[in-house]
Structures are given as structure tokens and as C-alpha cells.
Amino acid sequence: MDSALGEQQTHGGPATHDVTNQAPPLTPYDASEDTALLEGLRREGAEWAEEDLRRLGRQAGSAQAQEWADLANRHEPELRTHDRYGNRVDEVEFHPSWHHLMRTAVAEGLAASPWADDRAGAHVARTAGGLVWGHTEAGHGCPTSMTYAAVPALRRQPELAKVYEPLLTSREYEPGLRVPTEKRGLLAGMGMTEKQGGSDVRTNTTTATPTSEPGVYTLRGHKWFTSAPMCDVFLVLAQAPGGLSCFLVPRVLPDGTRNTFRIQRLKDKLGNRSNASSEPEFDGTVAWLVGPEGQGVKTIIEMVNCTRLDCVMMSAALMRKSLVEAGHHARHRSAFGARLVDQPLMRNVLADLALESEAATTLTLRLAGAADRAIRGDARETAFRRIATAVGKYWVTKRGPAFTAEALECLGGNGYVEDSGMPRHYREAPLLSIWEGSGNVNALDVLRALGREPSTAEALFGELALARGADARLDAAVTRLKNRLSGASQTTARRLVELTALTLQASLLVRYAPPAVADAFCATRLGGDWGYAFGTLPEGADLDAIVERALPGGD
């Protein structure tokens with residue numbers, strides 16, 4: 001009887017392994033097919049980069065690039081402390097896919113090349129490129145970000161910048177530890193935090209002792225979280241006789257010998273696993289002073305401003321990638337007699353996610369535009385950048401984990417398995433709120449800016465005034481924000497920064513997005529007509545217009 005049943009299934013019964021009602025592979029797709037992104041690129045002065053951005057978008061969404069992303073995360077970097085003969089080498093080995101990703105990123109100008117580009121909008125173009133190439137994987141964005149951010153700090157020591165800046169701004173990726181000046185291109189990292197202080201870098205205990213050679217010191221100490229230890233040079237904070245100071249530390253010295261940079265271990269992290277994060281130990285490590293003694297924080301703060309913008313950018317890229325994945329699944333999966341994307345409740349979820357994604361992307365490009373114009377000497381944009389970057393860093397990165405969780409859930413159980421890629425996005429999301437100052441650090445930074453630099457508040461409200469009268473809910477939110485400033489304290493700092501971020505995002509959407517997007521955002525985020533989870537847009541919200549604008553390829 002059993003054999004007869006088996007024969008029936010084989011010769012005419014239902015096949016057990018037919019695949020139906022599953023979404024086809026998303027790849028190949030165009031990661032630059034994002035209306036809000038392209039509009040922002042043009043608006044912020046980098047329309048000249050659109051052709052290159054579209055080409056990069058097609059590459060980012062290719063099967064090859066997506067496979068690189070997957071393999072770079074599956075095959076994590078490995079620390080090799082010694083060679084076969086017992087010599088200390090402190091090298092990190094990566095899967096070839098990591099190098100493919102890095103080579104593309106550097107060649108496409110996503111590292112420090114904008115500093116060597118005189119065109120207005122060069123820094124906007126780089127940020128837009130990051131939003132697109134961020135559809136691959138996030139780990140390799142760390143060394144490209146730090147390389148980009150190192151240049152303005154290094155300029156505090158012109159003689160060092162003269163030597164290293166042309167190599168940092170190069171579009172040549174040349175891995176491997178060699179004498180920096182003998183390479184065609186360099187990568188830079190930074191070592192600020194230590195185990196006893198974290199963000200409180202003024203408590204650092206690493207010491208810097210002057211040598212007989214002017215500007216040259218030796219360092220001794222242990223850093224707690226130094227990412228990308230395979231970089232060629234590092235900006236490091238240490239206590240010099242004159243106080244906390246900034247230093248340039250090369251992995252290989254000019255005479256070809258290895259500088260002392262003992263990697264004690266690689267961190268076993270929740271996400272960002274393709275990127276090596278380490279604890280290096282300095283012991284007689286040769287370093288060059290960058291900026292005056294005692295002004296280490298002032299010297300390196302420009303680097304932090306740049307990397308904070310990149311955290312916003314990478315969060316926005318992660319949101320967009322997760323939304324594209326969720327939308328693709330919903331378009332091809334059916335339940336209860338209709339495609340998921342046509343089910344009203346799923347459409348509400350996708351529309352709500354689309355609002356959050358567009359607000360993040362639009363703010364990111366506005367911050368990039370402010371950075372570009374500030375670098376070119378615009379005082380008003382400098383003040384706006386100072387406060388808005390901290391606000392954006394706090395809020396957009398905070399939204400990332402909830403966003404990726406909801407996008408993952410759109411795939412149901414399929415989204416919970418590693419093959420979908422969604423778990424990798426979910427693990428990545430919290431990191432961007434932690435790196436370059438956690439939420440509290442950035443909230444306090446906003447308070448500090450408002451209290452010590454009156455021009456920042458003027459620039460912020462000047463920006464918000466550009467949308468005055470366009471939406472009553474936005475006008476009311478701006479009034480609430482002004483009233484809250486007078487009683488701002490540490491206890492209320494997060495609420496203040498949240499309101500600042502939402503009014504800023506709303507003002508940009510009111511000015512630049514279609515009415516369906518701006519109205520739904522203001523109704524929910526400012527007007528209170530919203531629930532406690534995504535997918536709670538009110539009756540009357542134009543879900544079709546929002547979803548069709550957001551998802552690539554039409555509906």
C-alpha cells in the first residue's frame with residue numbers, strides 16, 4: 001500500500017518541490033531608480049553627476065555586486081598576528097569580495113576624492129553615490145568614510161597634508177601594508193575611544209612622548225574600538241605634555257619597518273561583520289603631531305562631522321534597500337486572493353515606510369549640500385551644518401532599526417532567514433546610531449551648539465522659515481520647537497532633538513515632495529494622526545501615490 005501511494009505521487013500526484021508564489025530574485029535592478037534621490041542630487045547642485053550615479057546604481061543592483069556583498073559578510077576578516085617564522089605582522093585578511101567592493105567604492109569617488117574636486121556639488125555627488133552603492137553592504141563603507149573624513153583634520157598640519165592628501169584623495173585602491181608614500185592610494189582610519197572612557201575621550205590614557213625630532217612623538221596605550229586596522233594611516237588621540245592631542249600614525253614607517261601596532265583582537269560584533277574592528281596596542285609607536293598640542297578634539301572634530309553625515313547616509317541607504325526588498329516581495333507574493341502589494345493594510349505599511357525613507361534621503365542630501373557649501377566658505381551653511389548634522393545623526397539612525405524590522409516582516413518568515421539578506425540589514429541598523437557618538441552624545445551636542453553658538457539656531461529657524469505657511473501642522477510644530485528651546489535640559493534633550501528632526505524633515509518635504517507625501521508626513525509625524533508602528537497612516541492618505549513614487553519600476 002505504501003509503495004502504491006508513492007508510485008501515484010511520482011506518476012501523477014502533486015509534485016512536492018514545485019516552487020510557486022515566491023518572489024523571483026530582485027537582481028538585477030537599478031539602485032539609483034529612486035525619485036527622491038535623483039531630485040535631491042539635482043537640487044543640491046550635483047546634477048552633473050547623474051549619469052555616473054545611474055551607472056553605479058546599475059552596478060550596485062547587479063547580481064555580481066550583490067554576490068560580493070553576501071560573500072564579504074559570510075567570510076569574515078581574519079586576524080593574523082604572526083607570520084610562519086614567529087615575526088609579529090598584525091595583518092587582517094579579507095575575502096576577495098571585500099576587495100572588489102572596496103576597489104569599486106574608491107574608484108567611484110566614495111572615499112576622499114571630493115577634496116580634490118573643485119566642482120560645486122562634489123561632496124553631494126559622493127553622498128549620493130554612497131546612497132546607491134550602500135545597496136551592496138555596509139562594512140566597507142567604514143574605511144571609505146574615515147578616509148574621506150581624515151582630510152580636513154590632516155589639513156591642520158599643512159606639511160603632512162602636502163605629503164598624504166594626494167594619496168588619500170586618489171581613486172586607486174591598493175591594499176597591503178607598505179611605505180605609504182610608495183603606494184598609489186591610501187586609506188585612513190582613526191583611533192579615539194579607549195576602554196575607560198568611550199565617547200569621553202578627554203579621559204584617554206594613551207600617552208604621547210616627544211622625541212628629539214620636532215613634531216614626532218612615541219605613543220603608548222591601548223585603544224578600544226579602532227575599525228579598519230588594515231588602513232595605511234590613522235588619526236589617533238593621545239595625551240601629550242600640552243594635553244589631549246591628535247597624531248598621525250602610519251602602519252609602516254618611511255624606512256619600511258612596521259610601526260608598533262599590535263592588534264590584540266578583532267571585535268565579535270552584532271553586525272557590520274565584513275569590516276574588521278580591533279583593539280590595537282601602542283608601545284613606542286611613532287606618530288606625527290597634527291595641529292597644536294592640547295587641541296586634539298578641536299583638530300579631529302571636523303573628521304567627526306564628516307563621519308556623522310556618513311552615518312546618516314548609510315542609515316538612509318539601508319532604509320531604501322530594505323524598502324526595495326519589501327516592495328519587490330509584496331509585488332510578487334499573493335495571499336487571500338490578491339497580491340500583497342494590493343492588500344490595503346500591506347499598502348499602508350509600504351507607504352508608511354516610503355515616507356520614512358524619503359524623509360531620510362531628502363534630509364541626507366540637504367546635509368550633504370550644506371557640507372559642500374560650508375567647505376566652500378558659506379558661513380550660514382556652516383552654522384546650519386553644525387546643528388543639522390547632529391540632529392540628523394540622532395534621528396535618522398534611530399529610525400533605522402524599527403524600519404528594517406518592519407521591512408523584514410513584510411517578507412514574513414522568508415525575511416527571517418539569512419538567504420533573504422534581511423537579517424544582515426537588521427543587524428546592521430543599530431550600529432549607525434552607536435558609531436560616531438550614540439544618541440545621547442548627539443542630543444547633548446545639539447544642546448551644546450544651541451547654547452554656545454547662537455548662529456546655529458538662527459540658521460535652523462531660517463531653514464524652517466522657508467516652508468512657513470505651507471502647512472498649518474508644520475507651522476505649529478515650529479512654534480512648539482521655539483517654545484521648547486527656552487527650557488531645554490539633558491532630561492528633555494531627546495524630545496527636543498526629535499521634534500527638531502521631524503520639523504526639518506517635514507519642511508523639506510513640504511517644499512520639495514509631492515503633496516501626497518508631504519501631507520501624510522505632516523499628518524502623522526507632526527499632527528499626531530498616527531499609531532505606534534509603521535502601517536498606521538490615516539484614512540485619506542494617498543497610499544497609491546506614495547507607493548508608486550517610492551518603488552522602482554512602476555506598480
Side-chain angles (χ1 to χ4, degrees), residues 34 36-37 40 127 130-131 134-135 138 141 270-272 308-327 348-368 388-410 422 424-443 446 477 493-509 513 517-518 520-528 530-537 546 550:
D34 179 354
L37 167 65
T127 298
L131 286 167
H135 281 235
L270 169 68
N272 201 251
R308 283 180 176 174
L309 172 58
D310 279 2
C311 285
V312 182
M313 175 264 286
M314 287 186 275
S315 288
L318 191 61
M319 288 183 187
R320 178 64 188 174
K321 169 65 170 174
S322 300
L323 174 62
V324 170
E325 294 277 7
N348 195 311
V349 171
L350 292 173
D352 212 352
L353 291 172
L355 291 179
E356 197 74 30
S357 177
E358 178 158 351
T361 297
T362 303
L363 178 57
T364 298
L365 291 168
R366 175 65 184 94
L367 295 177
T389 300
V391 168
K393 167 63 170 71
Y394 173 87
W395 182 243
V396 175
T397 63
K398 275 271 180 274
R399 299 298 290 154
F403 187 104
T404 52
E406 193 68 57
L408 182 155
E409 189 175 321
C410 289
M422 299 300 278
R424 172 157 55 91
H425 304 331
Y426 184 61
R427 289 193 298 269
E428 189 70 31
L431 171 67
L432 297 164
S433 182
I434 295 169
W435 273 7
E436 305 312 325
S438 62
N440 284 351
V441 170
N442 279 272
V446 171
R494 285 189 171 216
R495 297 189 67 177
L496 173 69
V497 178
E498 177 180 324
L499 181 58
T500 304
L502 290 172
T503 54
L504 184 54
Q505 287 182 320
S507 72
L508 292 169
L509 295 180
V517 172
F521 189 90
C522 289
T524 53
R525 276 66 169 175
L526 299 180
W530 201 26
Y532 293 100
F534 287 107
T536 53
L537 298 181
I546 297 169

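Below, all heavy atoms of this structure are taken into account, side chains as well, without hydrogens, waters or symmetry copies.
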task: Please name the pair of heavy atoms, one in G439 and one in Y394, separated by the smallest distance, quoted to 0.1 Å.
output: O-CD1, 3.3 Å
message: Looking at every non-hydrogen atom in both residues, tell me the closest pair between A360 and M319 and how far apart they are.
response: CB-SD, 3.8 Å
task: Measure the shortest side-chain to side-chain distance between L309 and T127 over non-hydrogen atoms and say whether it is less than 4.5 angstrom.
output: yes
task: Tell me, please, which residues at least two apart from H425 pass ring-ring contact (aromatic ring centres under 6.0 Å, His included).
output: none
query: Atom CH2 of W435 and atom CE of M314: how far apart are they, to the nearest 0.5 Å?
result: 7.5 Å
message: Closer than 3.5 angstrom, by distance alone: can the side chain of R308 be matched with the main-chain N or O of E436 as a donor-acceptor pair?
response: yes
message: Does any part of the side chain of R399, heavy atoms only, come nearer than 4.5 Å to the side chain of V396, both counted from C-beta?
response: no
- prompt: Do K321 and D34 meet the salt-bridge criterion of a basic N to acidic O distance under 4.0 Å?
  reply: no
message: For Y426, I'd like to know if atom OH has over 12 heavy atoms of other residues, nucleotides or ligands within 6.0 Å.
response: no
- request: Answer yes or no: is there a side-chain heavy-atom contact under 4.5 Å between L323 and E356?
  value: no
message: To the closest 0.5 Å, what do you measure between CD (E358) and CG (L37)?
response: 10.5 Å
field: Nearest non-hydrogen partners of T503 and A477, listed with the distance
entry: CG2-CB, 3.4 Å
task: Name all residues meeting the side-chain contact (heavy atoms from CB on, under 4.5 Å) criterion together with A317; count only those two or more places apart in sequence or in a different chain, and write none if there are none.
output: L131
message: Within the structure provided, determine whether N442 and V497 are in side-chain contact (heavy-atom separation under 4.5 Å).
response: no
field: Side-chain donor/acceptor of S507 to backbone N/O of L504, under 3.5 Å
entry: yes
- prompt: Distance from L526 atom CG to Q505 atom CD, nearest 0.5 Å?
  reply: 9.5 Å
message: For a quick test of reading the model, state the closest non-hydrogen atom pair linking T397 to C311 and the distance between them.
response: CG2-O, 3.7 Å
query: Considering residues at least two apart in sequence or located in another chain, which fulfil the side-chain contact (heavy atoms from CB on, under 4.5 Å) criterion with A501?
result: V391, W395
task: Grab the two heavy atoms, one from T404 and one from S322, that are nearest each other, plus how far apart they are.
output: CG2-OG, 3.6 Å
R494 and N440: side chain donor to acceptor below 3.5 Å: yes
query: Can you tell me if K393 uses its side chain to pair, donor with acceptor, with the backbone of L432 under 3.5 Å?
result: yes
query: Got a donor-acceptor contact below 3.5 angstrom from the S357 side chain to the L353 backbone?
result: no
Point-to-point distance, once rounded to the nearest 0.5 Å, from CG of D352 to CH2 of W530: 5.5 Å
message: Measuring from atom CG of L509 to atom CG of L363, what distance do you get when rounded to the nearest 0.5 angstrom?
response: 9.5 Å
query: Shortest non-hydrogen contact from C410 to A326?
result: CB-CB, 3.8 Å
- request: Before giving the answer on side chain to side chain contact (heavy atoms under 4.5 Å, CB included), spell out for N272 and E428 the whole-Å C-alpha distance, their side-chain angles and the decisive distance to 0.1 Å.
  value: CA-CA 6 Å; N272 201 251; E428 189 70 31; 2.8 Å; yes
R525 vs L355 side-chain heavy atoms within contact, under 4.5 Å: yes
field: Euclidean distance, T364 OG1 relative to R320 CZ, rounded to 0.5 Å
entry: 13.0 Å
